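The figures here come from the full heavy-atom set of this structure, side chains too, leaving out hydrogens, waters and symmetry mates. Since the model is a prediction, treat every value here as computed from it, not as a measurement.
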Amino acid sequence: MLTNVLRTASASRAAVRLVAMRGITNDVLAKANLEKQYGNFINGRSQPPVEGQYFDNTSPIDGSLLCQAARSTAADVELALDAAHAALPSWSNTSVAERSNTLLKMADIIEENSERLALIETLDNGKPIRETTGADIPLAVDHFRYFAGCLRADEGSHSEIDSNTVALHVHEPLGVVAQVIPWNFALLMAAWKLAPALAAGNCVVIKPAEQTPISITEAFKLIGDALPNGVVNIVHGFGPEAGAALATSDRIAKLAFTGATSTGKILLRNAAERLIPTTMELGGKSPNLFFESVMAKDDAFMEKAIEGAANFAFNQGEVCTCPSRILVQESIADEFIERLNAKLATIKVGDPLDMATQVGAQASLEQYDKIKSYLDIGKQEGAEVLAGGDIAPGVEGGYYIQPTVFKGTNDMRVFQEEIFGPVASLTTFKDEAEAVAIANDTAYGLGAGVFTRDAHQLYQVPRQIQAGRVWVNCYHLYPAHATFGGYKESGFGRETHKMALDHYRQTKSMLISYDSAAPGLF
């Protein structure tokens with residue numbers, strides 16, 4: 001289906017620009033070079049599911065069938081755990097230099113194949129090709145290189161207790177760890193977890209989201225012999241089947257999970273039974289605060305702030321830290337909303353395979369339907385629709401939503417519940433104290449944003465916000481050398497940054513006496 005429509009924004013409601021719709025052509029599929037069926041990646045090779053069952057994997061771009069992936073069961077999980085445990089003695093005892101160099105080789109291979117992997121990620125997830133090309137794949141590469149460097153610079157410690165006694169603190173890997181990866185950044189989230197786990201000397205069984213099984217499998221087919229067999233094993237399938245079998249196994253030493261808070265709570269109860277460490281990166285409902293000083297001048301910084309507000313539509317809003325609550329000081333609200341609507345009217349929604357597209361398809365029919373239900377909920381609650389509010393024309397058969405802004409109050413469901421789509425809810429505040437109170441009036445605490453020209457506010461306000469990551473005069477930056485993780489019901493533990501290494505290892509204290517004399521206790 002070919003459309004090239006430019007909608008006109010009204011004074012009260014912004015529209016979006018649409019780009020030409022071509023969809024998935026045979027030429028695109030030839031470049032992606034996908035397999036018809038994907039087995040599990042176990043012990044360095046593809047293995048069919050034990051029970052021989054596969055599930056269809058469709059593209060959200062147009063709903064077409066991309067491939068089939070293994071519908072794994074507990075038996076497949078056991079095979080993956082067997083391979084990981086067999087590889088652990090050797091991998092955990094490799095030198096720091098060897099592990100570091102292996103991560104660098106993995107990064108090089110992914111980078112060398114970045115164009116194809118970016119295409120695959122777009123086909124599988126529906127996000128714009130400009131994002132997978134410019135962000136997802138380069139950031140994944142950088143995270144492997146970052147932890148390769150961290151590992152070479154990492155040290156234990158030595159404590160002198162007295163003249164005859166010292167303590168050595170030595171880092172050791174946990175063992176075989178389980179990682180459950182979300183669908184919104186399939187390859188990048190895998191890199192966030194895999195890089196520190198492998199650097200620390202662990203072996204991994206990873207379960208990708210069933211919505212996006214392809215990119216990580218293709219990446220490890222390319223990595224091949226650069227990584228010893230069994231060190232990383234990939235098991236596909238559904239959460240209640242493969243995911244539950246992995247997360248509840250008594251053969252894992254740690255569980256790392258990114259996903260919904262409700263699922264995280266279930267997994268935590270299972271982990272508590274076995275007393276294994278966990279890291280949880282869960283839901284969010286991030287506030288983005290705009291103080292009156294941002295409108296003091298009509299300059300580049302003001303434009304930056306307006307774009308910062310529009311960042312709720314980045315990655316189709318399918319980001320745990322999506323700035324989905326826009327808090328604007330009431331003294332500038334009218335002008336701010338007018339500027340925001342003008343910005344939203346320039347956003348190009350449509351074919352994810354077009355490099356001009358800025359907002360692509362939602363990742364699945366299930367997510368598409370969920371977002372549409374919240375568009376109805378917002379209207380039923382009495383929220384004013386400032387922009388969007390409906391589905392967007394797109395490639396026929398695909399899942400497209402207009403970037404939407406509601407105006408209302410923070411007690412509404414569209415303010416309190418995670419929608420995970422290009423939907424933001426805007427409210428106003430009188431002063432700094434009210435801004436902080438509204439920002440913290442949520443069950444979540446993953447991310448937040450603060451835009452201001454005031455030097456006092458750019459430090460003091462973020463310190464008062466209950467969130468693990470606060471962007472100040474920016475948003476949606478994800479560098480490797482900055483911690484990422486949540487407060488409250490957004491989880492615990494930190495990813496990215498060298499701090500993540502400590503989530504994948506334990507510390508052994510060796511207390512050594514050089515005194516030949518008995519202590520005289522008996």
Side-chain angles (χ1 to χ4, degrees), residues 23-26 28-42 45-73 76-77 80 113 116-129 131-132 136-137 179-190 206-222 233-246 258-259 315-316 318 351-353 360-370 394-400 420:
I24 303 173
T25 64
N26 289 333
V28 167
L29 290 175
K31 290 178 181 177
N33 192 25
L34 304 178
E35 296 183 13
K36 291 183 178 180
Q37 283 189 334
Y38 284 89
N40 297 313
F41 184 83
I42 297 175
R45 62 186 179 87
S46 177
Q47 295 193 25
V50 171
E51 295 188 4
Q53 294 187 338
Y54 293 82
F55 64 90
D56 289 345
N57 180 47
T58 59
S59 174
I61 294 175
D62 61 5
S64 63
L65 181 66
L66 289 175
C67 64
Q68 291 185 318
R71 183 171 179 172
S72 303
T73 61
D76 299 287
V77 171
N113 295 276
R116 177 170 171 252
L117 290 173
L119 174 60
I120 291 171
E121 194 80 314
T122 290
L123 289 172
D124 212 12
N125 174 274
K127 65 176 66 185
I129 189 70
E131 289 180 14
T132 55
D136 293 51
I137 307 304
Q179 299 179 333
V180 181
I181 308 301
W183 45 259
N184 56 334
F185 292 92
L187 191 55
L188 178 57
M189 292 297 98
I206 193 166
K207 194 274 180 192
E210 60 266 26
Q211 295 88 347
T212 50
I214 308 176
S215 60
I216 185 173
T217 308
E218 286 288 350
F220 274 88
K221 282 171 54 183
L222 293 165
N233 305 275
I234 304 166
V235 178
H236 296 297
F238 297 104
E241 299 167 355
L246 177 60
T258 296
N315 203 58
Q316 299 72 246
E318 293 170 342
D351 184 357
L353 294 168
Q362 307 305 141
S364 67
L365 177 60
E366 179 184 15
Q367 190 61 24
Y368 178 65
D369 288 340
K370 176 185 175 183
V395 179
E396 187 174 1
Y399 316 129
Y400 301 87
F420 224 63

For Glu210, the side-chain contact (heavy atoms from CB on, under 4.5 Å) test, sequence neighbours excluded, returns Phe55, Lys207, Phe238
Set of side chain to side chain donor-acceptor pair (under 3.5 Å) partners for Glu366, sequence neighbours left out: none
Run the salt-bridge test on Glu241 and Arg71 with the 4.0 Å N-O cut-off and return the result as yes or no. yes
For Asn57, which residues count as a side chain to side chain donor-acceptor pair (under 3.5 Å) partner, sequence neighbours excluded? Asp124
Kindly determine whether Ile181 and Thr212 satisfy side chain to side chain contact (heavy atoms under 4.5 Å, CB included), including the steps that lead there. CA-CA 10 Å; Ile181 308 301; Thr212 50; over 6 Å; no
Tell me, do Ile120 and Thr132 make a side-chain contact under 4.5 Å, heavy atoms counted? no
Check side chain to side chain donor-acceptor pair (under 3.5 Å) between Lys221 and all other residues, then give those that pass, not counting sequence neighbours. Glu35, Glu218
Who passes side chain to side chain donor-acceptor pair (under 3.5 Å) against Thr217, sequence neighbours left out? His236
Of all heavy-atom pairs between Pro60 and Ser364, which one has the smallest distance, and what is that distance? CB-N, 4.3 Å
Between Tyr399 and Gln367, does a side chain to side chain contact (heavy atoms under 4.5 Å, CB included) hold up when you go through it step by step? CA-CA 9 Å; Tyr399 316 129; Gln367 190 61 24; over 6 Å; no
Applying salt bridge (Lys or Arg N to Asp or Glu O under 4.0 Å), which residue pairs with at least one partner in residues 47-65 are found, sequence neighbours left out? none
What heavy-atom pair brings Ile214 and Leu34 nearest, and what distance separates the two atoms? CG2-CD2, 3.8 Å
Closest non-hydrogen contact found for Gly360 with Tyr400 is O-CD2, 3.6 Å
For Ile24 and Ser59, work out which heavy atoms get closest and say how close. CD1-OG, 3.5 Å
Verify whether one side chain among Gln362 and Gln316 offers a donor that lies under 3.5 Å from an acceptor in the other. no
Side chain to side chain contact (heavy atoms under 4.5 Å, CB included) between Asn315 and Phe185: does it pass, once the steps are laid out? CA-CA 9 Å; Asn315 203 58; Phe185 292 92; 3.5 Å; yes
